[in-house]
Amino acid sequence: SRFVPEIAAATGETLPSCKAAAMSRKVETDHIRMHQTESQEEVFGLLSAPATHGGASVRRIDTHAAAVFLAGDRVYKVKRAVKFPFLDFSDAAKRKAACEAELVVNRPFAPELYRRVVAITREADGRLVLDGAGEPIEWAVEMRRFDLNATLDRLADEGRIDAALADALGRAVAAAHAAASPVAVE
């Protein structure tokens, strides 16, 4: 069975696992804040607003390195303004470069999903706008939304990864590794 914090919160469950997950989420949030280099709350507020997406409801998913906004048939992934020993997204130029690199790496494997890097701009009147004409202050990877029920973890939970799918996945990963260019170690 899968723990779903949103369902637990909505149903008022107070199982120890729910409390542990809530404490874990707080520790994770505090850890991110320790490494945060600037506030992005205004940008996150814009992308969380249904009005930004033509009235579509918005679901936000947070990781240590990104905030992902799912709205209608689109997804916008913003790199967090953080600096860890293993990644540096501490300024907008580095976050833009990371968005562009994500597109270069992932588009060959999922061209129907990875659309473009889009600017979040500050307009002359001070408003933030997604893909506006003003000064870019942040960047996001724009993707086409896919069915979350078709992810490998869900298929595995449902026992739907058979030998044919496992073989096809293995061959796809092997082909990607065979075609990859070597990366220089710094």
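Heavy atoms only: backbone and side chains are in, while hydrogens, waters and symmetry mates are out. Note that the numbering runs from 1 along the sequence shown for the chain.
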**Student:** Sort out for me which residue in V78, I137, L47 forms a side chain to side chain contact (heavy atoms under 4.5 Å, CB included) with Q40.
**Tutor:**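 Of V78, I137, L47, side chain to side chain contact (heavy atoms under 4.5 Å, CB included) with Q40 is met by V78 alone.
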**Student:** Below 4.5 Å, heavy atoms only, C-beta onward: do R59 and L148 meet side chain to side chain?
**Tutor:**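 When only atoms from C-beta onward are counted, L148 and R59 do touch, with a gap below 4.5 Å.
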**Student:** Which atoms form the tightest heavy-atom contact between R74 and E142, and what is the distance?
**Tutor:**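 Nearest heavy atoms, R74 then E142: NE-OE2, 2.9 Å.
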**Student:** Would E112 and R144 pass as an ion pair if we require N to O under 4.0 Å?
**Tutor:**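 A salt bridge is absent here (no side-chain N lies under 4.0 Å from a carboxylate O).
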**Student:** Under 4.5 Å between side-chain heavy atoms, hopping through other hydrophobics if needed: is there a path connecting V82 to V68?
**Tutor:**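 Hydrophobic grouping puts V82 apart from V68.
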**Student:** Ignoring hydrogens, what is the shortest heavy-atom contact between A65 and L87? Give both atom names and the distance.
**Tutor:**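 Residues A65 and L87, closest heavy atoms: CB-CD2, 3.9 Å.
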**Student:** Are F44 and V75 connected in the hydrophobic side-chain network, where two residues link if heavy atoms are under 4.5 Å apart?
**Tutor:**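 F44 does not cluster with V75.
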**Student:** K83 and S90: which non-hydrogen atoms are nearest, and at how many Å?
**Tutor:**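 Scanning both residues, the minimum pair turns out to be CB-CB, 4.3 Å.
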**Student:** What distance do L113 atom CG and R115 atom CZ have between them, rounded to the nearest 0.5 Å?
**Tutor:**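 That separation rounds to 10.5 Å.
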**Student:** Ring centroid separation for Y76 and H53, is it under 6.0 angstrom?
**Tutor:**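 Ring centroids of Y76 and H53 are less than 6.0 Å from each other.
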**Student:** How close do L130 and V118 get, counting heavy atoms only, and between which atoms?
**Tutor:**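 That would be CD1-CG1, 4.0 Å.
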**Student:** Let me know which of E38, E102, E100 forms a salt bridge (charged side-chain N to carboxylate O under 4.0 Å, His left out) with K79.
**Tutor:**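 Of E38, E102, E100, salt bridge (charged side-chain N to carboxylate O under 4.0 Å, His left out) with K79 is met by E102 alone.
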**Student:** What heavy-atom pair brings L155 and L165 nearest, and what distance separates the two atoms?
**Tutor:**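 Scanning both residues, the minimum pair turns out to be CD1-CD2, 4.2 Å.
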**Student:** Answer yes or no: is there an ion pair linking E135 with R122, defined by an N-O contact shorter than 4.0 Å?
**Tutor:**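 R122 and E135: not salt-bridged.
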